[in-house]
Protein chains: 2
Amino acid sequence: MPKQVDHEERRRHLTEALLRIASTRGLQAVSMREIAAEAGVSLRVVQYYFTNKQALLESGLTELGARMDRRVKQRATAAAGELTPRGAFAAVLGTILPFDEQSTLDSMAWTAYYTAALTDPALAAVGLTLPNALENYLTVRLTAAQQAGDIAPDRDPRTEVASLLALANGLTSSVLSGQRSHEAATEIIDYRLDRLFGPATA
Amino acid sequence: MPKQVDHEERRRHLTEALLRIASTRGLQAVSMREIAAEAGVSLRVVQYYFTNKQALLESGLTELGARMDRRVKQRATAAAGELTPRGAFAAVLGTILPFDEQSTLDSMAWTAYYTAALTDPALAAVGLTLPNALENYLTVRLTAAQQAGDIAPDRDPRTEVASLLALANGLTSSVLSGQRSHEAATEIIDYRLDRLFGPATA
DNA sequence: CTTGATAGGATACGACTGTATCCATTCAGG
DNA sequence: CCTGAATGGATACAGTCGTATCCTATCAAG
């Protein structure tokens, strides 16, 4: 056999090129040829490693989800040792918001995919996995916190979580469109968490 | 002069066809020829009444904003006579959520436009007018309510409004993607309004 | 009745799309 | 050394895109 190339690594390289285009120029600017140019390879190579444009697009969405997942875990463990319930929420919600250049780009791409998924069932299936997983995780977490007495007993954990996640998504949109700064969005999240858990503990 | 046609009415007809396509098949499915087919006219007619595809797209966004505006005012006056501050918020936020077939379609189109605006400054300029107007209106309203003693003095009106609007947007996304029902979203809004204004008055 | 602006059908243009094919190069296994 | 699978460059194909052009009706004004 010839050259022997790492297919996995090749595909990741192309997927990253795809996401770079999607996040800066939108998903409608993504074409096979554009990806090839962005990745510095020929059109044939893109075709060689992905059977379809559809496969390429799904790979992009999967990668985006993986990045988000990685970031959440990184933030969670960076807050060394055991987290307070509030700390866990601040970490997860803070990770959803665009907080640096890379996460801003990823959020843009995520938004593009989200919109595309509304009229493309194949993408919807891939794209809803992560949001649902997050909602479930946080609900379990908040229910436990309530039993431990960290939040008032009259709160409904599932509703609170749904509310906080929807808020984070809405804030992300407004940050991306320049309506609000990252700091302003973070303050709003903190403000909400204060009213759920009580003021942050030192 | 010949046939003498109502240009305004012609343009609205085409704009509505555009929005029908955008809301069911996405903005990327919108082409001059598709609009012509949807409106039941020839390609030439579409070109005749709009100089550009860009002009057509901007017209669609403007129409979408006008519809939303109409709906808010309709809801507000439907709640006959003077509204309680909470009633005004419930009306505006309830109008943002997709609550019937038409508003669901419009929300889909709105989402598509929002995403497109992230990589198209011309659309961004048109698209941010309404959200900003809403935020300002509600902030004025809530500040007055606070001075009247309707909400606790330690609340920050601007933050509360931003928070509620972001929440409504986030909930809209989750309703459109089928993660949540309209009823569930409405409950979440009510839940938040309860915690801001106190339980709904009979 | 003639004229000329208004309105629109038909068609063409060049650019770009995803996909397919043809062909050359590379190099591990026999 | 040689053979054949792995890799990828070059090019072609049939569509679709936005836009432009050509040409023909229509009908109010003179």
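In what follows, every chain begins at residue 1, and chains take the letters A, B, ... in the order their sequences are listed. These numbers come from the heavy atoms of this one structure, side chains and all, not from hydrogens, waters or symmetry mates.
Applying the 6.0 Å contact sphere to NE2 of B:H13 captures no more than 12 heavy atoms from other residues, nucleotides or ligands.
Here B:Y49 lies in heavy-atom contact (under 4.0 Å) with sugar-phosphate atoms only.
Take B:F99 and apply the ring pair (Phe, Tyr, Trp, His ring centres under 6.0 Å) test, not counting sequence neighbours, and it matches no residue.
Under 3.5 Å, the side chains of B:S103 and B:D100 contain a donor-acceptor pair of N or O atoms. Residues B:D106 and B:Q102 have side chains that bring a donor and an acceptor to within less than 3.5 angstrom of each other. Checked by atom type, the side-chain pair A:S59/A:R11 shows no donor-acceptor distance below 3.5 Å.
Put simply, CD1 on B:I35 is 15 Å from C1' on D:dT16, counting in whole angstrom units. As rounded to whole Å, 14 Å separates atom C1' of D:dT7 from atom CG of A:D6. As a whole-Å value, the separation of B:F50 CZ from C:dA7 P is 14 Å. Straight-line distance from the CG atom of B:L56 to the C1' atom of D:dC17: 14 Å, rounded to whole Å. Here D:dT7 presents its P atom at 17 Å from NE2 of A:H13, a figure rounded to the nearest Å. One atom, CD of A:E9, and another, P of D:dT7, lie 13 Å apart when rounded to the nearest Å.
Phosphate proximity of C:dG9 to B:Y48: absent, as no side-chain N or O sits under 4.0 Å from OP1 or OP2. In this model, the phosphate group of C:dT6 is not approached by any side-chain N or O of B:H7 to a distance below 4.0 Å at OP1 or OP2.
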Could you pull out the protein-nucleic contacts involving nucleotides 18-24 of chain D (nitrogen or oxygen on both sides, under 3.5 Å)?
residue, atom, partner, partner atom, Å
D:dG18, OP1, B:K53, NZ, 2.7
D:dG18, OP2, B:M32, N, 3.0
D:dG18, N7, B:R33, NH2, 2.4
D:dG18, O6, B:R33, NH2, 2.7
D:dT19, OP1, B:N52, OD1, 3.1
D:dT19, OP2, B:K53, N, 3.0
D:dA20, N7, B:Q47, NE2, 3.0
D:dA20, N6, B:Q47, OE1, 3.1
D:dT21, O4, B:R44, NE, 3.3

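In this structure, A:N52 contributes its side chain and A:A55 its backbone to no donor-acceptor pair below 3.5 Å.
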